[in-house]
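Contents: one structure, followed by commentary.
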2 protein chains.
Amino acid sequence: MNIGEASEKSGLPSKTIRYYEDIGLVLADREDNGYRTYDAAHIHKLRFLKRSRSLGFGVEECRQLLSLYEDKHRSSASVKALATHRLEEIDQKIEDLKGLRETLSTLVKTCHGDDRPDCPILDGLSGTPDDQDPF
Amino acid sequence: MNIGEASEKSGLPSKTIRYYEDIGLVLADREDNGYRTYDAAHIHKLRFLKRSRSLGFGVEECRQLLSLYEDKHRSSASVKALATHRLEEIDQKIEDLKGLRETLSTLVKTCHGDDRPDCPILDGLSGTPDDQDPF
DNA sequence: ATAGTCCTTCCAGTCACTGGAAGGTCAAGG
DNA sequence: CCTTGACCTTCCAGTGACTGGAAGGACTAT
């Protein structure tokens, strides 16, 4: 199948599939006319990529996962290590966002939000105290 | 003061301060020798920017906030609207991350993580558990 | 005079795509 | 046979928000 069908089947834009080929993630075969061709194994890899990316793995992590995926003899431990690390990153990010939410929500709550020009949000943002952590 | 001191006082790298000038956020004065000079008002704006950015406002949102900040007659409502919108984005992002965390954590939990090659994480990432594994 | 630090501008790179231009290929319809 | 339109190709540029580095001018201290 050509790239258009591969795009439909994998759920990735053609542009992205070509990009993944550029960076050596999924190499397509070529027809005589220069068109890329894809088979079921290609699609499988592309779907794998799509899912991994949507779970927040970076492209280089995906490359690792993919090579682990293709290695029949790899241990599950090496995969688990990658996934666990990613999980820690996610937890950290959630915590960061919660702190940020807290700060901003406090500012929003104290703002009366009417036509008067004084605004606790802007005062809070101007952050007069020294090098205060946003969290 | 020169850019180095402004950097120290604001907590932003000199590079970033120059960048903010490039995109018209904070324009410095110039000495005869071409050096940028900053006063207390500049520093205040830079710190405002640093804090707003750290709260996740985009640069264009910061530009809006800054112009609201400088407008003595703006209503607090317009600021509150911006901040509330940002708050909603943060909430959305937290929810997304939680879902993602859930998925990944399930995968990690079901993986025994030893030397055996079978790994539920990779199976989960391939996203088609009923498919034959073509690799 | 020299060393060292600070400043300037400009160009390139980051990440993971995305958009668009210019042009080749293919199947269907008139 | 010709045209239309969909699909494909490559290459170049842009995104956001910086960051790194090169080349060179300015200032300070010795």
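A, B, ... follow the sequence lines: proteins, then strands. Residue 1 opens every chain.
Residue B:L100 holds its CG atom at 6.0 Å from CZ of A:R86, rounded to the nearest 0.5 Å. In this structure, B:R63 CZ and B:L68 CG are separated by 13.0 Å, a value rounded to the nearest 0.5 Å. Separating the CG atom in B:L65 from the CZ atom in B:F48 is a distance of 5.0 Å, to the nearest 0.5 Å. The NZ atom of A:K109 sits 10.5 Å away from atom CG of A:L104, with the distance rounded to the nearest 0.5 Å. Considering OG of B:S52 and NZ of B:K50, their distance stands at 12.0 Å, rounded to 0.5 Å. In this structure, B:K80 NZ and B:L87 CG are separated by 10.5 Å, a value rounded to the nearest 0.5 Å.
Scored by the side-chain contact (heavy atoms from CB on, under 4.5 Å) test, B:D96 finds B:Q92 as partners (sequence neighbours excluded). Take B:K9 and apply the side-chain contact (heavy atoms from CB on, under 4.5 Å) test, not counting sequence neighbours, and it matches B:M1, B:E5, B:I43. Remark: B:K98 pairs with A:I94, A:K98, B:I94, B:E95 by the side-chain contact (heavy atoms from CB on, under 4.5 Å) rule, at least two apart or across chains. For B:R53, the salt bridge (Lys or Arg N to Asp or Glu O under 4.0 Å) criterion is met by no residue, not counting sequence neighbours. A search for salt bridge (Lys or Arg N to Asp or Glu O under 4.0 Å) contacts involving A:D91 returns B:R101, not counting sequence neighbours.
Non-hydrogen atoms lying under 4.0 Å from DNA chain D are contributed by B:N33, B:Y35, all within residues 27-42 of chain B. Within residues 5-17 of chain A, the residues that place at least one heavy atom under 4.0 Å from DNA chain D are, in residue-number order, A:K15. DNA chain D lies under 4.0 Å from no heavy atom of any residue of residues 84-102 of chain B.
Note on the helix from C:dA1-D:dT30 to C:dG30-D:dC1: terminal axis deviation equals 30°, with five pairs used at each end and the result rounded to 10°.
With contacts defined as side-chain heavy-atom distances shorter than 4.5 Å, the pair B:H42/B:K45 does not qualify.
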Ignoring hydrogens and angles, write down the donor-acceptor pairs under 3.5 Å from the side chains of residues 14-22 of chain B, residues two or more places apart or on other chains.
from: B:E21; atom 1: OE1; to: B:R36; atom 2: NE; distance (Å): 2.9

Table please: side-chain donor-acceptor pairs of residues 23-33 of chain B below 3.5 Å, with sequence neighbours left out.
from: B:R30; atom 1: NH1; to: B:G34; atom 2: O; distance (Å): 3.0
from: B:N33; atom 1: OD1; to: B:Y35; atom 2: N; distance (Å): 2.9

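One atom, OH of B:Y19, and another, P of D:dG16, lie 8 Å apart when rounded to the nearest Å. Look at CD on B:E60: it is 14 Å from C1' on D:dC18, rounded to the nearest Å. Per the geometry, CG belonging to B:D22 stands 14 Å off P belonging to D:dT15, to the nearest Å.
Side-chain N/O atoms of B:R53 include one lying less than 4.0 angstrom from OP1 or OP2 on D:dC18.
A donor-acceptor pair is defined here as one N or O able to donate and one able to accept, closer than 3.5 Å; such a pair exists between the side chain of B:D39 and the backbone of B:A41. Panel note: side chain A:S7, backbone A:I3; no donor-acceptor pair is recorded below 3.5 Å.
Within 4.0 Å of B:I3, counting heavy atoms only, lie sugar-phosphate atoms of the nucleic acid but no base atom. Residue B:R18 is in base contact, counting any heavy-atom pair closer than 4.0 Å across all strands shown.
From the 5' end on, the contacts that DNA chain C makes with chain A at under 4.0 Å to a non-hydrogen atom open and close at C:dA16 to C:dC26.
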